[in-house]
Enquirer: 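Take a look at the following structure, please.
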Amino acid sequence: MTEFEDRVTDVIRSLQPGEVVTYGEVAEEAGYPGAARAVGNVLGKSEGLPWWRVVGSGGYLKTEKRHRQAELLEAEGITVAGGRVVAG
DNA sequence: CCCCTGACTAGAA
DNA sequence: TTTCTAGCCAGGG
């Protein structure tokens, strides 16, 4: 477990139900601005994390599990349409 | 160290 | 709107 993974996992685990952030925001909060890609890698490697609360730029669901992600997000009161999170 | 890949992002054509 | 390029960080060969 690297410090990077430690930071990223900590940030993601601190997310509350209904809270959605982007890979870039997670990377920035973790102290690694620009490491959005590495954030995605950590999400895929780590387990037991609310990965569905992390989306792409603009709220777009980029993952292969976007269908599952949409269901999980809607289960938390978040609306997903057109493959992206609807803000409002 | 160098090269390629990946759940990324912003800018330009 | 779609396609391509440049930048960022981490991991494996």
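Note that the coordinates shown come from a computational prediction; the quantities given were computed from them, not determined experimentally. Chain letters run A, B, ... following the sequence lines, proteins first and then strands; every chain starts at 1. Heavy atoms only: backbone and side chains are in, while hydrogens, waters and symmetry mates are out.
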Enquirer: Looking at side-chain heavy atoms only, is the closest gap between Phe4(A) and Val39(A) below 4.5 Å?
Expert: yes
Enquirer: Counting C-beta onward and ignoring hydrogens, is there a side-chain heavy-atom pair between Thr79(A) and Val85(A) closer than 4.5 Å?
Expert: no
Enquirer: Once each nucleotide of nucleotides 1-7 of chain C is scored for protein heavy atoms under 4.0 Å, what B/S/- sequence comes out, 5' to 3'?
Expert: -------
Enquirer: For residues Val54(A) and Thr22(A), determine if any side-chain heavy atom of one lies less than 4.5 Å from a side-chain heavy atom of the other.
Expert: no
Enquirer: Under the criterion side-chain contact (heavy atoms from CB on, under 4.5 Å), which of Val20(A), Leu73(A), Val86(A) is the partner of Val80(A)?
Expert: Leu73(A)
Enquirer: Give a yes or no on this: more than 12 heavy atoms of other residues, nucleotides or ligands lie within 6.0 Å of atom CD of Glu28(A).
Expert: no
Enquirer: Whole angstroms only, please: what is the OH-P distance between Tyr32(A) and dC8(C)?
Expert: 16 Å
Enquirer: Using the salt bridge (Lys or Arg N to Asp or Glu O under 4.0 Å) definition, which of the options Glu19(A), Glu76(A), Glu25(A) pairs with Arg53(A)?
Expert: Glu76(A)
Enquirer: Is the shortest heavy-atom distance from the side chain of Gln69(A) to the side chain of Trp51(A) under 4.5 Å?
Expert: yes
Enquirer: Of all nucleotides in DNA chain B with an atom under 4.0 Å from a non-hydrogen atom of chain A, which is the first and which the last going 5' to 3'?
Expert: dG6(B) to dA10(B)
Enquirer: Round to a whole Å and report the spacing from CG of Asp6(A) to C1' of dA10(C).
Expert: 15 Å
Enquirer: If you assign Lys45(A) and Ala36(A) each to the DNA chain C nucleotide with the nearest heavy atom, which residue ends up on the more 5' nucleotide?
Expert: Ala36(A)
Enquirer: Using atom C1' in both nucleotides, what's the gap between dG6(B) and dC8(C) to the nearest angstrom?
Expert: 13 Å
Enquirer: Answer whether the closest heavy-atom distance between the side chains of Leu43(A) and Tyr23(A) falls below 4.5 Å.
Expert: yes
Enquirer: Any idea which heavy atoms bring Trp52(A) and Leu49(A) closest together, and the distance?
Expert: CZ3-O, 3.9 Å
Enquirer: Once you apply a heavy-atom cut-off of 4.0 Å, does Ala38(A) come out as touching a base, just sugar-phosphate, or nothing?
Expert: base
Enquirer: Heavy-atom distance under 4.5 Å between the side chains of Glu5(A) and Val8(A), does that happen here?
Expert: no
Enquirer: Considering only heavy atoms, which members of residues 50-84 of chain A lie under 4.0 Å from some atom of DNA chain C?
Expert: none
Enquirer: Does Asp10(A) reach the side chain of Arg7(A), with side-chain heavy atoms less than 4.5 Å apart?
Expert: no
